[in-house]
Trainee: 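Got a structure for you, questions after.
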Number of protein chains: 2
Amino acid sequence: MRAGLSIGRAAREAGVGVETIRFYERQSLVQQPPKPDGAGVRRYPAIAVERIRFVREAQELGFSLREIKELLALRADPAADCAEVREQATAKLDEVHRKISRLQEIGTALERLIATCPGRGGLQACSIMDALTLRSGGHSEASKTPAHLDSKPAKG
Amino acid sequence: MRAGLSIGRAAREAGVGVETIRFYERQSLVQQPPKPDGAGVRRYPAIAVERIRFVREAQELGFSLREIKELLALRADPAADCAEVREQATAKLDEVHRKISRLQEIGTALERLIATCPGRGGLQACSIMDALTLRSGGHSEASKTPAHLDSKPAKG
DNA sequence: TATGGGTCCGTACTATAGTACGGAATCAAG
DNA sequence: CTTGATTCCGTACTATAGTACGGACCCATA
């Protein structure tokens, strides 16, 4: 066995599918290793597997592939400063906090709906359907031509 | 002005773009109204705007368009029971809770990383990069051919 | 009636993150 | 050397939720 792993082996080591590695290569997230010395198939060095793991770990932390590419570029830059990475991580943390808040709002709204829903009988009594249909009120009023929106469509 | 709104007007009333309405129509989320009596353009009745709002409200609550289609089908079914809707909402609430948990894990991990990162200097000292590169350890050990994985790839 | 905006409709494209396919070449084992 | 599994490579397709485009047509207004 020559140095390095087959793509299938590398995939198993990194915990991804073969097609995923190829996809990452197409996206320039990981480098495609050469076929050593006239061989027909490529050999993946340990560092390639490491890199794929880096991508996965970063994904676990909520980074998109685009962001991961930036992190990798940073990592390859000898002049890169830790502050830049920290900034990225902090921005991502903010994003995570925002998402949590939004989901908590959604959860609260759903809870309220579920609590008032009778849970049986026709939909005419279903508070959930009501809420979806009637919220942010004024749909029938709105159809009564609010006048300030009527005369001219303003912007194209 | 004939009964109903132009698509542009309907879009504004519903708070979406014209193309979004067309998209919803293609997806059978909302019905395409007829062109009244030989007219060249369609007229959107208030109920169509209501339906688009329904879609938007449900999206706000985290339902996908596919799920919203199911809710709409339910709504159109005279035999539909409130329990079905409640079940959908409850399942969605569970999903929301799971997402929040996951995001909280991610947030905690990011916080730990940020806390230990020096915040300046080269990346060799950056704990964030370290964590991404080295977590779920054993990548170098794994490349040492664990033997139980080596002989036969098991399944095709 | 001319003009400019709105609408119609099909098709194609965006972004995200892969997954699947098919045929040829290659590799490892018997 | 044959067989069966992998690999290679390009292309196409999945799902999600739209957005954009181009030419033709329609409609209201000056």
Side-chain angles (χ1 to χ4, degrees), chain A residues 1-30 32-44 48 52 55-70 95 149-156, chain B residues 1-2 4-30 32-44 48 52 55-70 95 145 149-156:
Chain A
M1 190 194 275
R2 288 181 211 73
L5 310 170
S6 70
I7 191 170
R9 223 16 239 291
R12 250 172 295 132
E13 299 271 317
V16 302
V18 167
E19 295 305 325
T20 301
I21 292 183
R22 294 205 202 284
F23 173 71
Y24 288 170
E25 288 171 350
R26 285 200 295 279
Q27 303 301 308
S28 306
L29 276 161
V30 311
Q32 194 173 42
K35 301 179 184 177
D37 212 21
V41 298
R42 299 176 192 287
R43 289 281 147 185
Y44 287 74
I52 296 162
V55 173
R56 284 275 130 159
E57 296 295 342
Q59 271 190 313
E60 285 288 295
L61 289 179
F63 290 91
S64 70
L65 294 187
R66 170 184 297 258
E67 288 163 341
I68 293 165
K69 207 166 160 181
E70 285 165 23
E95 203 180 305
L149 277 171
D150 201 15
S151 52
K152 234 28 172 190
K155 54 173 165 53
Chain B
M1 189 195 276
R2 288 182 211 74
L5 310 169
S6 69
I7 191 171
R9 226 13 240 293
R12 250 173 293 132
E13 299 271 317
V16 302
V18 167
E19 296 305 325
T20 301
I21 292 183
R22 294 203 203 283
F23 173 70
Y24 289 169
E25 287 170 350
R26 284 200 295 278
Q27 302 300 308
S28 305
L29 276 161
V30 309
Q32 196 173 42
K35 300 180 184 177
D37 211 22
V41 297
R42 299 176 193 287
R43 288 282 146 183
Y44 287 73
I52 297 163
V55 174
R56 285 275 130 159
E57 295 295 341
Q59 271 190 313
E60 284 288 294
L61 289 178
F63 289 91
S64 70
L65 294 186
R66 172 184 297 256
E67 288 163 341
I68 293 164
K69 206 166 161 180
E70 284 164 23
E95 205 181 303
T145 325
L149 276 172
D150 202 16
S151 52
K152 232 32 171 186
K155 55 171 167 53

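Chain identifiers are assigned alphabetically (A, B, ...) following the order of the sequence lines, protein sequences preceding nucleic acid strands; residue numbering begins at 1 within each chain.
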Trainee: Can you sort out the partners of Arg42(A) under side chain to side chain donor-acceptor pair (under 3.5 Å), two or more places apart, ordered by chain and number?
Mentor: none
Trainee: Whole Å only: how far is the CZ atom of Arg12(A) from the C1' atom of dA5(D)?
Mentor: 12 Å
Trainee: Taking side-chain contact (heavy atoms from CB on, under 4.5 Å) as the definition, give me every residue that meets it alongside Val41(A), ordered by chain and number, with sequence neighbours left out.
Mentor: Arg43(A)
Trainee: Under the salt bridge (Lys or Arg N to Asp or Glu O under 4.0 Å) test, which residues partner Glu67(B), sequence neighbours left out?
Mentor: Lys92(B)
Trainee: OP1 or OP2 of dC9(D) versus the side-chain N and O atoms of Gln32(A): is any pair under 4.0 Å?
Mentor: yes
Trainee: Can you sort out the partners of Ala10(A) under side-chain contact (heavy atoms from CB on, under 4.5 Å), two or more places apart, ordered by chain and number?
Mentor: Leu5(A), Ile21(A), Tyr44(A), Val49(A)
Trainee: Of the nucleotides dA28(C), dT7(D), dC27(D), which has the atom closest to the Val41(B) side chain?
Mentor: dC27(D)
Trainee: Looking only at side-chain N and O atoms, does Lys69(B) come under 4.0 Å of OP1 or OP2 in dT16(D)?
Mentor: no
Trainee: Which whole-number value in Å describes the distance from Leu5(A) CG to dT6(D) C1'?
Mentor: 14 Å
Trainee: Rounded to the nearest 0.5 Å, what's the gap from CD1 on Ile7(B) to CZ on Arg12(B)? Could you check?
Mentor: 11.5 Å
Trainee: When every nucleotide of nucleotides 17-24 of chain C is labelled 5' to 3' by its protein contacts under 4.0 Å (heavy atoms), B for base, S for sugar-phosphate only, - for none, what sequence of letters results?
Mentor: BBBBB---
Trainee: What nucleotide, of dC27(D), dC9(D), dT7(D), holds the atom closest to the side chain of Ala39(B)?
Mentor: dC27(D)
Trainee: NA contact type, Glu25(A), heavy-atom cut-off 4.0 Å: base, sugar-phosphate, or nothing?
Mentor: nothing
Trainee: In plain terms, say whether Arg9(A) and Glu13(A) are close enough for a salt bridge, that is, a side-chain N and a carboxylate O under 4.0 Å apart.
Mentor: yes
Trainee: When you check the phosphate oxygens OP1 and OP2 of dC9(D), does a side-chain N or O of Arg22(A) lie under 4.0 Å from one of them?
Mentor: no
Trainee: Could you tell me the separation between the CZ atom of Arg43(B) and the P atom of dT7(C), rounded to a whole number of Å?
Mentor: 8 Å
Trainee: Would you indicate what Arg42(B) reaches in the nucleic acid, counting non-hydrogen atoms under 4.0 angstrom: base, sugar-phosphate, or nothing?
Mentor: sugar-phosphate
Trainee: I'd like to check the side chain to side chain donor-acceptor pair (under 3.5 Å) partners of Gln32(B); sequence neighbours left out, ordered by chain and number.
Mentor: Glu25(B)
Trainee: If you check every side-chain atom of Ser6(A), which of dC9(C), dC27(D), dT7(D) has the closest atom?
Mentor: dT7(D)
